[in-house]
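Notes to accompany the following structure.
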Amino acid sequence: MESAAKNIHALLEAAPSALYLQSVGELVEGGKWAELNDRFYRTLSFGTGGLRGRTSGKIVTTAERGNARENERPEFPCVGTNAMNFFNISRATQGLVAYLHDWNRSSKISTKPKFVIAYDPRFFSKEFAELAAKVASENGCDTYVFGSPRSVPELSFAVRYLRASAGVMITASHNPPYDNGYKVYFSDGAQVIEPHANGIISKVNTIASEAYTPLPKDRQGKIEMIGTDIDEAYMRRLGTLVLDPTVIREAKSLKIVYTPLHGTGGVIIRPMLKRLGFNFEVVPEQDHFDGRFPTVKSPNPENAEALTMAIDLAKKEDADVVVATDPDCDRMGAALRATDGKLKLLTGNQIGSLLAWYRTRTLFEKGVLNKQNASRGVIIKTFVTTDLQKAIAEHYGLRCVETLTGFKYIGAKLGKYERAIPAYQNYVDLSEEETRKLRLEHSSFYVFGGEESYGYSGADFVRDKDGNGAVIMFCEVAAYAKAHGNTIDELLDDIYSEFGYFAEKNGSLVFEGAEGATKIARLIKSYATDPFPDVLGSKVTSVRNFETDKIEDIENDQIPKEKMLMFELEDGTRIAVRPSGTEPKIKYYLFAHRRPEKGKFDSVELNQIKTEVKAKLDRLWERLHRDAESRLGEA
């Protein structure tokens, strides 16, 4: 409570309104010490992912509630130093702007920094965006602000399209309704990495107050509202993701159900699916902005529950495919009508592998890729994404580059490939056809990239995962399957039969509070100092410690340090262990596969292999769970 008391006094001394004093006073009078401690025990720190925190407390004060009714969003955000509110939005923006001014000076750029701001439909997103624009302009930045909610990928596109210095996305992805966040992008349209990340962090975390002195009017920046012009430019580029328009025309009977889960996806996906000629319906109850996300427990498209209404509509309409995007539309989940007529969910690994296979195969079929230029082609995946995508890349002669978890690392690779092109400064002005030609001649041609956590990308005009693009790409795969008389699960089995059956299982152990954090640290240290010699009778042949080892990718770029260990087993099984960066848990990623010794698996073999590999992964997780308990002395 000592740090909380200090932060309370500091906040109240500089309070811009009576709201702060009224809220703190109400909590003190009510003896709500735990709530006060939660709100003030620290100042919300700006990290590599920006800011993320609660916009409303576990207890909402009368002053914060204001004129709102009990089931409505409070009139004002949570008062506290450890919350997403006007205090922290102002601090973050002041620090980011200060860094941009320093960067311009060091880079000998004489013009004002330019700033793009987008926001999702969460509580206070619009108000936070408006404040960020005000702070940025009064501190000497020209600012472009979307007039209504837009997606993460469109923000990334807009930063590049408008040649901005940076971008800010107000979002907390698919977190609970009471959360919000502040994500920062640099001029390349990708989330910030080093050296910018630490530079921005140090600037923000030295700012103690939301108050500042605006620059004289003649040195302030302008604020410009943007919207439909950027939408149209972005949609023109999204249209180039379709590799074979004929399969869409040939699959007119394909029926699609889409849901934006009350988020930004409908802004772009609805008009794009219509423009491309797809036959689709949108779940009406979820086709409007609502930061409460009232029709789902969690607006996360990888969860079956979030797709319930879409699947019900698909059953009613006899649809072939269900697609869903999260509120900021950077992730996509999907379900398909299987050969038995039932709708079933696909995993993030399965979706990514279908997209990687289809796009690679079609680019070869269309002559864009061939044996002579295949070495220029690249598929990018994270270390904890299925190795099926690596098998596909290797079969076609492409490189498969692996990165740490986080699309910012994929974005960094795309930036590297762009810089390898002569006179790349004009790259953003070129058409997709022109950039493709340059990439194949001088650099690397990005075929596909993705994460097992339902994030995908099929081109470099966006430098983050793109739910809008993912829906378009997946619907083309569905059309291809339909045009060839197959269901998507039959198509997936064809891929398994040719390249091998690859299966994955994710597990996690939750340890709450300070004691839990200690247990997680103990486990990670234990795996590093005392790795298991074998698992289920298979010898461990290699251990990679991403925190201490020097690890390079296939392009000889060094992998940044991260708390993660990777175990390779003699039978090809792979295990990755890492602490979660956002939740109090340790995460386990298990990988197993079976490759055909010659030819392809037939259907009987494949079904038997699926059963065996699933049982193996289940046994492996049980073994790891018991081993973790033993390491902690809890067996």
Side-chain angles (χ1 to χ4, degrees), residues 153 234-260 265 268-282 301 310 314 319-325 329-337 346 348-369 377 379 389 392 396 432-433 436 445-450 454-462 465-495:
Y234 176 44
M235 287 194 289
R236 283 197 302 271
R237 210 66 182 226
L238 283 171
T240 67
L241 288 173
V242 175
L243 299 179
D244 188 358
T246 60
V247 299
I248 300 172
R249 293 193 293 270
E250 291 170 0
K252 284 294 184 184
S253 62
L254 177 73
K255 290 185 179 179
I256 300 161
V257 167
Y258 167 65
T259 174
I268 296 296
I269 291 171
R270 177 193 282 274
M272 278 305 302
L273 290 180
K274 185 176 181 181
R275 181 179 295 188
L276 294 169
F278 285 107
N279 176 17
F280 72 99
E281 288 194 45
V282 182
D320 302 281
V321 172
V322 169
V323 284
T325 51
C329 199
D330 60 354
R331 286 180 171 88
M332 180 201 74
L336 58 87
R337 191 171 295 281
L346 289 167
N349 281 313
Q350 290 171 330
I351 294 169
S353 297
L354 282 161
L355 295 176
W357 171 83
Y358 175 78
R359 297 188 72 74
T360 304
R361 173 204 161 277
T362 306
L363 287 166
F364 271 93
E365 187 178 74
K366 297 292 181 183
V368 175
L369 288 173
I379 288 173
Q389 291 168 29
I392 292 167
Y396 284 99
E432 191 66 19
E433 187 176 349
R436 178 186 291 172
F445 176 56
Y446 178 58
V447 174
F448 176 76
Y454 296 76
Y456 316 103
S457 163
D460 71 347
F461 56 81
V462 166
K465 46 190 178 286
D466 187 349
N468 299 303
V471 168
I472 291 166
M473 293 189 292
F474 188 76
C475 288
E476 184 182 355
V477 173
Y480 171 85
K482 189 79 170 180
H484 287 78
N486 295 322
T487 59
I488 295 174
D489 62 331
E490 287 176 320
L491 188 60
L492 188 58
D493 278 352
D494 287 344
I495 295 170

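Note that the structure is a prediction, hence the values are computed from the model and not measured.
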Considering residues at least two apart in sequence or located in another chain, which fulfil the ring pair (Phe, Tyr, Trp, His ring centres under 6.0 Å) criterion with [X]?
{"X": "Phe278", "value": "none"}
{"X": "Tyr358", "value": "Tyr480"}
{"X": "Phe448", "value": "none"}

Spacing of [atom1] belonging to [X] relative to [atom2] belonging to [Y], to within rounding of 0.5 Å:
{"X": "Thr325", "Y": "Asn468", "atom1": "OG1", "atom2": "CG", "value": "7.0 Å"}
{"X": "Leu336", "Y": "Thr487", "atom1": "CG", "atom2": "OG1", "value": "7.0 Å"}
{"X": "Tyr396", "Y": "Ile379", "atom1": "OH", "atom2": "CD1", "value": "9.5 Å"}
{"X": "Glu432", "Y": "Asp460", "atom1": "CD", "atom2": "CG", "value": "6.0 Å"}
{"X": "Asp494", "Y": "Asp489", "atom1": "CG", "atom2": "CG", "value": "10.0 Å"}

With a 3.5 Å distance limit and no angle check, can you tell me whether [X] reaches the backbone of [Y] through a side-chain donor-acceptor pair?
{"X": "Arg331", "Y": "Lys465", "answer": "no"}
{"X": "Asp320", "Y": "Lys255", "answer": "yes"}
{"X": "Thr240", "Y": "Arg237", "answer": "yes"}

Do you know the tightest heavy-atom contact between [X] and [Y]?
{"X": "Asn349", "Y": "Gln389", "value": "O-NE2, 3.9 Å"}
{"X": "Tyr234", "Y": "Pro153", "value": "OH-CB, 3.4 Å"}
{"X": "Ile269", "Y": "Cys329", "value": "CD1-SG, 4.0 Å"}
{"X": "Ile392", "Y": "Ser353", "value": "CD1-O, 3.8 Å"}
{"X": "Leu354", "Y": "Ile495", "value": "CD2-CD1, 3.8 Å"}
{"X": "Lys482", "Y": "Ala251", "value": "CB-CB, 3.9 Å"}

| field | Test applied, side-chain contact (heavy atoms from CB on, under 4.5 Å); reference residue, Val471; option that passes from Val321, Leu273, Leu238 | value | Leu273
| Applying the side-chain contact (heavy atoms from CB on, under 4.5 Å) test to Trp357, which of Leu492, Thr362, Leu491 qualifies? | Leu491
| task | Could you please spell out the steps behind the side-chain contact (heavy atoms from CB on, under 4.5 Å) verdict for Tyr446 and Ser457? | result | CA-CA 9 Å; Tyr446 178 58; Ser457 163; 3.1 Å; yes
| query | Quick one: does Leu243's side chain get under 4.5 Å of Met473's, heavy atoms only? | reply | no
| said: I want to check something: taking the side chain as every heavy atom from C-beta on, are Ile472 and Met272 in contact at a cut-off of under 4.5 Å? | reply: yes
| Are Ile351 and Tyr456 close enough, and set up right, to give a side-chain contact (heavy atoms from CB on, under 4.5 Å), and what steps lead you there? | CA-CA 9 Å; Ile351 294 169; Tyr456 316 103; 3.3 Å; yes
| field | Criterion side-chain contact (heavy atoms from CB on, under 4.5 Å) on Phe280 and Val323, from CA distance to verdict | value | CA-CA 10 Å; Phe280 72 99; Val323 284; over 6 Å; no
| Do any pairs count as a salt bridge (Lys or Arg N to Asp or Glu O under 4.0 Å) and have a residue in residues 466-477, sequence neighbours left out, and if so which ones? | none
| request: Name all pairs fulfilling the salt bridge (Lys or Arg N to Asp or Glu O under 4.0 Å) condition that reach into residues 238-250, sequence neighbours left out, sorted by first residue then second. | output: Asp244-Lys366
| Ala314: side chain to side chain contact (heavy atoms under 4.5 Å, CB included) partners, not counting sequence neighbours | Val257, Ala319, Val322, Leu343
| From CA spacing to verdict: side-chain contact (heavy atoms from CB on, under 4.5 Å), Val282, Arg270 | CA-CA 8 Å; Val282 182; Arg270 177 193 282 274; 3.7 Å; yes
